[in-house]
Amino acid sequence: MKKKVLITGAAGFLGSHLCERFIKDGFNVIGMDNLITGRLNNIEHLFKLESFEFYHHDVSKYIHIPGELDYILHFASPASPIDYLKIPIQTLKVGSLGIHNCLGLAKAKGAKVLIASTSEVYGDPSVHPQKEEYWGNVNPVGPRGVYDEAKRFQEAITMAYHTFHGVETRIARIFNTYGPKMRLNDGRVLPAFIGQALRGEDLTIFGDGSQTRSFCYVDDLVEGLVRLLNIDYVQPVNIGNPSEISISDFAEEIIKLTGTEQKVIYKDLPVDDPKQRQPDISKAKSLLNWEPKIDRNEGLKITYNYFKSLSSEELRKTDHNDFDKYIIK
Ligand code: UDP
């Protein structure tokens with residue numbers, strides 16, 4: 001009998017990669033998405049497969065899945081600053097009501113749950129690199145609070161279902177991840193820069209560009225998640241690529257990669273934008289025998305080719321300037 005996995009946020013960037021991976025690994029996959037930020041394009045090639053079913057459903061509402069269920073991967077959530085600033089209430093609901101429904105379902109079915117938590121639980125961190133024992137520096141009422149606190153609550157309720165109801169749970173703290181199927185207009189820095197280069201616009205650096213991020217290629221991340229699901233460990237585990245870079249150096253890399261003749265321009269830094277971020281992955285290394293294999297050079301080339309293959313109509317559609325409306329001070 002094939003094992004069955006429910007993946008929420010199936011039409012999103014990470015969700016769609018997870019659907020592909022679990023189908024490849026021989027699972028029956030139920031993908032669930034309300035398509036607020038997810039895109040059917042990401043998964044429509046799976047619809048013809050017997051091992052894939054799609055439920056167009058909002059995970060924040062009661063979930064009914066007939067029959068047995070072995071795993072639930074909760075990956076539904078707006079996950080970029082523009083998205084969660086535009087839809088703050090849904091962001092809070094999916095990280096609270098959504099995970100509550102998933103955990104209730106897991107309890108009823110005896111399924112194991114893996115949640116997508118985030119480096120945002122560390123907020124604007126005062127410990128560097130961030131290790132799992134660090135509790136974070138989060139502003140609950142700032143613009144990022146709806147996402148950060150939803151994810152922190154999600155960890156708390158997941159742990160409570162584990163200790164109180166004995167549900168088998170896993171918590172992945174996911175750091176910045178990139179790759180094909182990211183939404184071009186989701187406002188994150190990589191699709192923003194590549195989109196700008198492809199449209200012949202200047203690249204917008206927020207602040208002075210000295211803030212850092214550490215970018216992980218999606219296939220590496222998915223491998224880490226699969227390994228985490230398969231070990232017996234309930235505490236959070238950071239999954240990300242520790243190769244850290246400043247946003248100005250990252251802009252230079254994108255300029256070189258795309259060959260654009262545009263320049264960089266500077267805009268105000270969004271409120272509460274973390275100054276530095278790098279995962280300490282010692283735990284993942286020792287527990288999962290995992291570390292990223294794809295360096296930025298290689299990952300960026302693959303991702304650039306994906307964005308280049310998009311239609312010019314899709315390329316033109318961008319709400320990147322919404323940043324001005326939503327979060328610039
Ligand atoms: N950023 C930027 N220009 C953009 C979009 C983002 O300089 O057009 C900066 C942003 O302020 C942040 C970093 O890039 O410091 C990463 O932003 P992203 O939204 O990708 O992720 P997060 O801040 O959630 O890590």
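Order of listing sets the numbers, starting from 1, for every ligand and every atom in it. Only heavy atoms go into these numbers, but all of them, side chains included; no hydrogens, no water, no symmetry mates. As the structure is a computational prediction, the values presented were derived from the model and not from experiment.
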Student: Does Asp273 approach ligand 1 within less than 4.0 angstrom via side chain, backbone, both or neither, non-hydrogen atoms only?
Tutor: side chain

Student: Less than 3.5 Å apart, any donor N or O on the side chain of Tyr217 or Thr303 sitting next to an acceptor on the other?
Tutor: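 Their side chains do not contain a donor-acceptor pair, so the 3.5 Å distance test is not met.
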
Student: We want to know whether Ser117 and Glu155 form a side-chain donor-acceptor pair, criterion being a heavy-atom distance below 3.5 angstrom.
Tutor: yes

Student: Take every heavy atom of Ser80, measure it against each atom of ligand 1, and state whether any distance is under 4.0 Å.
Tutor: no

Student: Does Arg277 have a non-hydrogen atom less than 4.0 Å from ligand 1?
Tutor: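 In this structure, Arg277 qualifies as a contact of ligand 1 - some heavy atom is under 4.0 Å.
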
Student: What orientation do Phe22 and Phe27 show, parallel under 30°, tilted 30 to 60°, or perpendicular over 60°?
Tutor: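 Plane angle over 60°, so perpendicular.
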
Student: I'd like to know if the side chain of Tyr233 pairs up with that of Lys283 as donor and acceptor (distance under 3.5 Å, no hydrogens or angles considered).
Tutor: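 Short answer, yes.
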
Student: Using 30° and 60° as the class boundaries, would you call the ring planes of Phe175 and Tyr122 parallel, tilted or perpendicular?
Tutor: tilted

Student: Do His128 and Glu244 meet the criterion of a side-chain donor-acceptor pair at a distance under 3.5 Å?
Tutor: yes

Student: Within a distance under 4.0 Å of any heavy atom of Gly187, pick out the atoms of ligand 1 and give their elements.
Tutor: 5 (C)

Student: Within ligand 1, which atoms have a heavy atom of Pro81 less than 4.0 Å away?
Tutor: 19 (O)

Student: CG/Leu73 to CG/Leu229 distance, rounded to the nearest 0.5 angstrom?
Tutor: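 Answer rounded to 0.5 Å: 6.0 Å.
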
Student: Out of Phe206, Phe250, Phe175, who is nearest to atom 1 (N) of ligand 1 when you count heavy atoms only?
Tutor: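 Looking at heavy atoms only, Phe206 sits closest to atom 1 (N) of ligand 1.
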
Student: Counting heavy atoms only, name the option from Arg213, Arg144, Met182 that's nearest to atom 24 (O) of ligand 1.
Tutor: Arg144

Student: For the residue pair Thr204 and Gln196, confirm or rule out a side-chain donor-acceptor distance under 3.5 Å.
Tutor: yes

Student: Within the 4.0 Å heavy-atom shell around Ile205, which atoms of ligand 1 are there?
Tutor: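 The list of qualifying atoms is 7 (O).
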
Student: Closer than 4.0 Å to some heavy atom of Asn176 - which atoms of ligand 1 meet that?
Tutor: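 Near Asn176, meaning under 4.0 Å from one of its heavy atoms, ligand 1 has 21 (O), 22 (P), 25 (O).
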
Student: Is the closest heavy-atom distance from Phe193 to ligand 1 below 4.0 Å?
Tutor: yes

Student: Other residues, nucleotides and ligands only: do more than 12 of their heavy atoms fall within 6.0 Å of NZ on Lys4?
Tutor: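 It does: Lys4 NZ has more than 12 such atoms within range.
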
Student: Classify the contact between Arg188 and ligand 1 as side chain, backbone, both or neither, using a heavy-atom distance cut-off of under 4.0 Å.
Tutor: both

Student: What do we get for Ile247 next to ligand 1 when only non-hydrogen atoms under 4.0 Å count, side chain, backbone, both or neither?
Tutor: side chain

Student: Salt bridge or not for Asp70 and Lys109, using N-O below 4.0 Å?
Tutor: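 Not counted as a salt bridge, because no side-chain N and carboxylate O are separated by less than 4.0 Å.
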
Student: Check each atom of ligand 1 against the heavy atoms of Thr204 and keep those under 4.0 Å away; list them by number with element.
Tutor: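 Atoms satisfying the 4.0 Å criterion: 2 (C), 3 (N), 4 (C), 7 (O), 8 (O).
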
Student: Answer with side chain, backbone, both or neither: which part of Glu120 has a heavy atom less than 4.0 angstrom from an atom of ligand 1?
Tutor: side chain

Student: Mark up the atoms of ligand 1 that fall under 4.0 Å of a heavy atom belonging to Ala192, in ascending order.
Tutor: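 Per the distance check, 8 (O).
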
